[in-house]
Number of protein chains: 2
Amino acid sequence: MDNVERRSGISLWRQIADQIRIAISNGEFDGNNMLPGEIALAKRFSVNRHTVRSAIASLTQEGVVRVEQGRGTFIERRERLQYPIGRRTRFSEGLAGKIGPRDRHLKNHTLQPAPAFVSTALQLAPGAPVVQLETVNTADDQLVSRAISWFDGERFSDFADRYVEYGSITAIFKSYGIDDYIRVSTRISAHHADSTTLEDLQLSPGAIMLRTEAINADMNGRPVEYSHSYFAADRIELDIDHGTALRA
Amino acid sequence: MDNVERRSGISLWRQIADQIRIAISNGEFDGNNMLPGEIALAKRFSVNRHTVRSAIASLTQEGVVRVEQGRGTFIERRERLQYPIGRRTRFSEGLAGKIGPRDRHLKNHTLQPAPAFVSTALQLAPGAPVVQLETVNTADDQLVSRAISWFDGERFSDFADRYVEYGSITAIFKSYGIDDYIRVSTRISAHHADSTTLEDLQLSPGAIMLRTEAINADMNGRPVEYSHSYFAADRIELDIDHGTALRA
DNA sequence: TTTATTTGTCTATTTATCTAGACAACTAGA
DNA sequence: TCTAGTTGTCTAGATAAATAGACAAATAAA
């Protein structure tokens, strides 16, 4: 008998949708690949059947379940995509058994004086010029993240032009003579999605985003890229590799 | 002019509280350390003043702001605690400039046959005995996470007893002759908090949790600990160290 | 003291969410 | 074909959230 809380600022149907989504990803309904009936769910959460129907309507919208009149509610999507992050995190590389082919769409780019938090991260003088790229990213043909990246504007002045030419960040760095680079640090937090992220990733309000704040450096330890990424938390989990891969 | 969405399943006051919390941690109100007046905020979010008051009441409850009649609303807590995760992640170690003193409270422990996902992670035979610890963890005297950890029941049969004696996991491993161990992998996802986490961390419904799934191994690469941790996302961010610390 | 600005409290009304029940439409199996 | 079990749709009413306005109480500065 699961609990939902009233007067919490989250509507009952939304709390129930959240709990069903978690139950699905925990494999709770693996047996016949369907949810219990609406009446059974209403009893389980101690709410009216119509409230459960609202929750299921929301999950249908997300593509998590599919409803068939007279038959029941079937589970469509069970797991989150695994997004690898490590010393050598490369956006364009695929990993066996993990996330599939990825694509980046460039929303816009600017050359501008660095805000304080950017110049600090890239170890530049305050107000030094930086190239800023905004992208929307897909994996396995699903929208998974948006990102804002900054690069030293002196060192990489025509970065955006080369983006069109080369396609991948790794290739652009190569063209600047940087054969290799490593992820130095990643800071991860979770929030309710802001309006830009809701729009870019086609999420519904109240959705959760995973935010990463990352620094990449060249082999001399000089920072070359600073970025903020926002992932749709219901589609992605981050898989951190600390250097010695053992996991299956 | 920020946006709030109606009919989203998240009440307006809650959306506004979320946005103010984010704005605070972005340093938006750093100048005089206070929020704008209720009327200004109501205009900013295009809602009634009473709706803003509900949002502020919620933030007061959380300890994020403090209200004084006739004066205004003052910011009490600005940042999330930074929780470091790296190859040598140790719960009990403090890091300068980061999170402060931490404490673990043991909720319960059992010795039981391993569920499939545990025996796989620890590379044990299916159904082999494992020690399971459930803890609730604080940092800087704030509730920040709960965790479930599993250890090989053959190798560490009296692990729970030694927990009482030694206090720290590192010390217990030492007592078993394991002088060092490293974090092999960490998987990170974000969800709405489940009922156990809500209760253990004293969160309100709809709160977000960061979930980590981690494996630690001894220096031979043999897994010694598998754990699930659930962090209060509004109190914590995870700081991943990939091996070469440059960040200030 | 006066004034402008702030938060606190109250009443009333509108809108959205949740409950309750009845019955239709569809499916699968007896 | 019949029946039990499922989802779909409708009406009505109760409860909660949000709006609107008026005025009190506290503060700070003129």
Side-chain angles (χ1 to χ4, degrees), chain A residues 1-20 29 31-76 192 204-206, chain B residues 1-20 29 31-62 64-76 204-206:
Chain A
M1 203 67 70
D2 295 57
N3 280 338
V4 284
E5 196 141 342
R6 289 156 199 269
R7 298 163 175 272
S8 67
I10 313 285
S11 64
L12 297 183
W13 65 261
R14 183 145 207 139
Q15 294 183 52
I16 290 165
D18 289 338
Q19 294 204 31
I20 292 176
F29 312 117
N32 50 4
N33 209 38
M34 348 172 25
L35 296 189
E38 294 172 349
I39 297 169
L41 286 172
K43 192 173 234 172
R44 167 166 169 174
F45 292 108
S46 310
V47 297
N48 191 274
R49 178 182 154 229
H50 298 292
T51 308
V52 168
R53 283 177 60 76
S54 298
I56 290 174
S58 165
L59 292 171
T60 303
Q61 188 66 24
E62 288 177 41
V64 173
V65 299
R66 166 181 45 84
V67 183
E68 291 185 27
Q69 180 170 359
R71 299 191 62 206
T73 304
F74 299 84
I75 295 170
E76 288 280 81
H192 287 105
S204 55
Chain B
M1 204 66 70
D2 296 57
N3 281 339
V4 285
E5 197 138 344
R6 288 156 200 270
R7 300 162 179 272
S8 66
I10 314 282
S11 63
L12 296 184
W13 64 261
R14 189 159 197 127
Q15 293 183 51
I16 290 166
D18 289 338
Q19 293 203 33
I20 292 176
F29 311 117
N32 50 5
N33 208 38
M34 2 178 2
L35 296 189
E38 293 171 350
I39 296 169
L41 286 172
K43 191 173 235 173
R44 167 167 170 174
F45 293 109
S46 310
V47 298
N48 191 274
R49 176 180 156 232
H50 297 292
T51 308
V52 168
R53 284 177 59 76
S54 298
I56 291 175
S58 165
L59 292 171
T60 303
Q61 189 66 24
E62 288 178 41
V64 173
V65 300
R66 165 180 46 84
V67 184
E68 292 185 26
Q69 180 170 358
R71 298 189 65 203
T73 304
F74 299 84
I75 295 169
E76 289 278 83
S204 53

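Side-chain atoms are counted along with the backbone in the values below, which use heavy atoms only and exclude waters and symmetry mates. Here is how names work: the chains are called A, B, and so on, in the same order as the sequence lines, proteins then strands, and each is numbered from 1.
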Just so I know, are the side chains of B:Val52 and B:Arg49 near enough to count as touching, which here means a heavy-atom distance under 4.5 Å?
no
Roughly, in whole Å, what's the span from CD in B:Gln69 to P in D:dA25?
9 Å
Check every strand shown and say whether A:Arg49 touches a base, only sugar-phosphate, or nothing at a heavy-atom separation below 4.0 Å.
base
Is the number of heavy atoms from other residues, nucleotides or ligands within 6.0 Å of CD (B:Glu68) greater than 12?
yes
Nearest whole Å is fine: how far is C:dT15 P from B:Leu12 CG?
14 Å
Value in whole Å for how far the P atom of D:dT27 lies from CD of B:Glu68
8 Å
Scanning both residues in full, the closest heavy-atom pair of B:Phe29 with B:Met34 reads CB-O, 3.4 Å
Output yes when at least one side-chain N/O atom of A:Thr51 is less than 4.0 Å from OP1 or OP2 of C:dT17, else no.
no
Separation of D:dA18 atom P from B:Ile56 atom CD1, nearest Å, is 15 Å
Mind calculating the distance between CZ (B:Arg71) and P (C:dG8) to the nearest angstrom?
13 Å
What's A:Arg6 touching, base or sugar-phosphate or nothing? Going by heavy atoms closer than 4.0 Å.
sugar-phosphate
Taking only side-chain N and O atoms of B:Trp13, does any of them lie within less than 4.0 angstrom of OP1 or OP2 on D:dA17?
no
Using whole Å, report how far CG of B:Asn48 lies from P of C:dC10.
17 Å
Taking every heavy atom of B:Glu5 against every heavy atom of B:Leu12, the minimum-distance pair comes out as O-CD2, 3.7 Å
Per the atom types in the model, does the base of C:dG21 pair as donor or acceptor with the side chain of A:His50 at under 3.5 Å?
yes
For the side chain of A:Val67, starting at C-beta, report the closest nucleotide among D:dG8, C:dT7, D:dA20.
D:dG8
Taking 4.0 Å as the cut-off, does a side-chain nitrogen or oxygen of B:Arg7 come that near to OP1 or OP2 on C:dA16?
yes
So which one's nearest nucleotide on DNA chain D is more toward 5', A:Gly9 or B:Gly70?
A:Gly9
Closest heavy-atom pair, B:Trp13 versus B:Thr51, reported as atoms and distance to 0.1 Å, is CB-O, 3.6 Å
Answer with base, sugar-phosphate or nothing: what part of the nucleic acid does A:Arg53 contact at a heavy-atom distance below 4.0 Å?
base
Can you tell me the distance, in whole Å, between the CE atom of A:Met34 and the P atom of D:dG5?
14 Å
For D:dA17, does OP1 or OP2 lie under 4.0 Å from any side-chain N or O of B:Ser54?
no
Whole-Å distance, A:Phe74 CZ to D:dT6 C1', equals 10 Å
